[in-house]
Novice: 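Can you keep this structure in mind? I'll have questions shortly.
Here is how names work: the chains are called A, B, and so on, in the same order as the sequence lines, proteins then strands, and each is numbered from 1.
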2 protein chains.
Amino acid sequence: MAARGEYAKGRARREQILTEAVGLFAESGYRAASLRDLAARCGLTHAGLLHHVGSKQALLLAVLEQRDVEDASLVGPDPSLPGERQLEALLDVVRRNVSRRGVVELFCVLSAEATSPEHPAHAFFDERYRRVVAALTTAFADCGHPAPGSAARRLVAVMDGLQVQWLLHPDDVDMVAEVRAQVDRELDRPRG
Amino acid sequence: MAARGEYAKGRARREQILTEAVGLFAESGYRAASLRDLAARCGLTHAGLLHHVGSKQALLLAVLEQRDVEDASLVGPDPSLPGERQLEALLDVVRRNVSRRGVVELFCVLSAEATSPEHPAHAFFDERYRRVVAALTTAFADCGHPAPGSAARRLVAVMDGLQVQWLLHPDDVDMVAEVRAQVDRELDRPRG
């Protein structure tokens, strides 16, 4: 019983750390974020925090991976679905993003920082963009789009770029409506 | 003559500092960038650097404004031109970006960081996005687009988002061709 209680406590602590880390990385970026600040937010000593997370870099990757587990549909749209359904599933991700500003900030800042080859999340984003563009290329091809690779790249770009505009002007930017408009234009659906 | 020589030297020094600052902010972001590192890159003491730039924040704004002077066509497309010509002028900016990775990195990282209201470049990007979206809305309206505001937002988003993909995979992403494809789709031109 004691061991199980310790385990549950450790897991709760780890979840708290990841939640606080999302906020800190989103506010400061990875480079400027300090583990001492994070420890203070979590009510831990610096050494206590390191015991839980190993290193700043390991913490970053844990944060990124946790989000992608939550959004399996973005990371790898189900290829057994028809292309139009896969594109529809993307809108669910955008819808969810509207309710979690911190996660959007996190990805916005980290994906920009991580374009630098020396950044510890470089390989993560490198692989992620390849995978998402490839999956959406297949989806557009399934819809009969004559240039599915270009449509896929531009749809991913629209989703990323809209995040910056939405973070700046949340009341003026309807991310879901704009992503839907982008898909509609690509598929030659009537304009809303 | 001595005074003029001093003036020219001061100006050359300032240009050197701005050039090095573009590189440093692009690599590290604003928050993590250190004026001590910048001073070392410029062969100056920390105090000597402060004499030239005033403060880290003033330096950041000088860097941002310098780029926008160079790209007047992006910041405020000439409203006396027909809409199609204004959209064409955007492609020149993208073309120029392909030859200056450092500037693209800079804007990519800073625009993400600056979505935070406390960031010293927040007001700069807030105003810049409003202006660019408004100008492109007018351009699309001039082309008879039925939803010019949406087309403008998504075109700005595509340009921003493509920069992340291009920085990650420069050999796979043709930013000029993709921005052109986006404009073509909006204006119902035949697909390339």
Side-chain angles (χ1 to χ4, degrees), chain A residues 26-33 101 104-105 107-119 122 125-126 128-130 133 145-147 149-151 153-170 172-175 177-182 185-186 188 191-192, chain B residues 26-33 101 104-105 107-119 122 125-130 133 145-147 149-151 153-169 172-175 177-182 185-186 188 191-192:
Chain A
E27 283 164 33
S28 310
Y30 172 75
R31 293 194 190 95
R101 183 180 166 100
V104 173
E105 281 176 327
F107 268 69
C108 197
V109 172
L110 287 183
S111 63
E113 275 192 348
T115 58
S116 159
E118 295 80 34
H119 195 282
H122 183 77
F125 281 101
D126 172 0
R128 188 170 191 271
Y129 275 93
R130 283 192 201 283
V133 169
H145 195 292
S150 168
R153 274 213 183 287
R154 286 182 290 110
L155 179 55
V156 173
V158 161
M159 294 175 68
D160 284 350
L162 283 173
Q163 294 188 347
V164 175
Q165 296 181 44
W166 176 73
L167 289 169
L168 278 171
H169 306 131
D172 299 343
V173 179
D174 184 338
M175 289 202 290
E178 297 299 356
V179 172
R180 184 181 292 284
Q182 180 73 12
R185 288 307 298 140
E186 289 304 329
D188 277 326
R191 295 196 238 228
Chain B
E27 283 163 33
S28 309
Y30 172 75
R31 293 195 189 93
R101 183 180 166 99
V104 173
E105 280 176 328
F107 268 69
C108 197
V109 172
L110 287 183
S111 63
E113 276 192 349
T115 58
S116 159
E118 296 79 34
H119 194 282
H122 183 77
F125 281 101
D126 172 0
E127 198 272 326
R128 188 169 191 271
Y129 276 94
R130 284 192 200 284
V133 169
H145 195 291
S150 168
R153 275 213 183 288
R154 286 182 290 109
L155 179 55
V156 172
V158 161
M159 293 174 69
D160 284 350
L162 282 173
Q163 293 189 346
V164 175
Q165 295 181 45
W166 175 74
L167 288 169
L168 278 171
H169 305 129
D172 299 343
V173 179
D174 183 337
M175 289 202 291
E178 297 300 355
V179 172
R180 184 183 291 283
Q182 180 73 11
R185 287 308 297 139
E186 289 304 329
D188 276 327
R191 295 196 238 228

Novice: Counting heavy-atom pairs closer than 4.5 Å to chain A, which one of B:G149, B:S111, B:A181 comes out on top?
Specialist: B:A181
Novice: Determine the option with the most heavy-atom pairs under 4.5 angstrom with chain B, choosing from A:V158, A:L155, A:V109.
Specialist: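 Of A:V158, A:L155, A:V109, A:V158 has the most heavy-atom pairs under 4.5 Å with chain B.
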Novice: Tell me which of these, B:A112, B:S28, B:A157, has more heavy-atom pairs under 4.5 Å with chain A than the rest.
Specialist: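 Most heavy-atom pairs under 4.5 Å with chain A: B:A157.
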Novice: Short question: side chain of A:Q182, backbone of B:R154 - any donor-acceptor pair under 3.5 Å?
Specialist: no
Novice: Is the shortest heavy-atom distance from the side chain of B:Q165 to the side chain of B:M175 under 4.5 Å?
Specialist: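 Result no, sub-4.5 Å side-chain heavy-atom pair not found.
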Novice: Does A:R185 reach the main-chain N or O of B:R185 with its side chain, forming a donor-acceptor pair under 3.5 Å?
Specialist: yes
Novice: With chain A as the partner, which of B:V173, B:V179, B:D160 has the greatest number of non-hydrogen pairs under 4.5 Å?
Specialist: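 Maximum pair count with chain A is reached by B:V173.
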Novice: Residues in side-chain hydrogen bond (donor to acceptor under 3.5 Å, both in side chains) with A:D126, at least two apart?
Specialist: A:R130, B:H169
Novice: Between B:V133, B:D174, B:L167, which residue shows the highest count of heavy-atom pairs closer than 4.5 Å to chain A?
Specialist: B:L167
Novice: Could you tell me whether a side-chain N or O of B:E113 sits under 3.5 Å from a main-chain N or O of B:Y30, the two making a donor and an acceptor?
Specialist: yes
Novice: For the interface with chain B, which of A:A33, A:S116, A:S150 has the highest count of heavy-atom pairs at distances below 4.5 Å?
Specialist: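 Heavy-atom pairs under 4.5 Å are most numerous for A:S150.
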Novice: Measure A:A177 against the heavy atoms of chain B and call it side chain, backbone, both or neither at under 4.5 Å.
Specialist: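 Contact with chain B involves no heavy atom of A:A177 at all.
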Novice: If I measure from the heavy atoms of chain A, does B:A114 come under 4.5 Å with its side chain, its backbone, both, or neither?
Specialist: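 For B:A114, the contact with chain A is made by the backbone alone.
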Novice: List for me each residue that meets side chain to side chain contact (heavy atoms under 4.5 Å, CB included) alongside A:E27, sequence neighbours excluded, and say none if there are none.
Specialist: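 With sequence neighbours excluded, A:E27 shows a side chain to side chain contact (heavy atoms under 4.5 Å, CB included) to A:R41, given in chain and number order.
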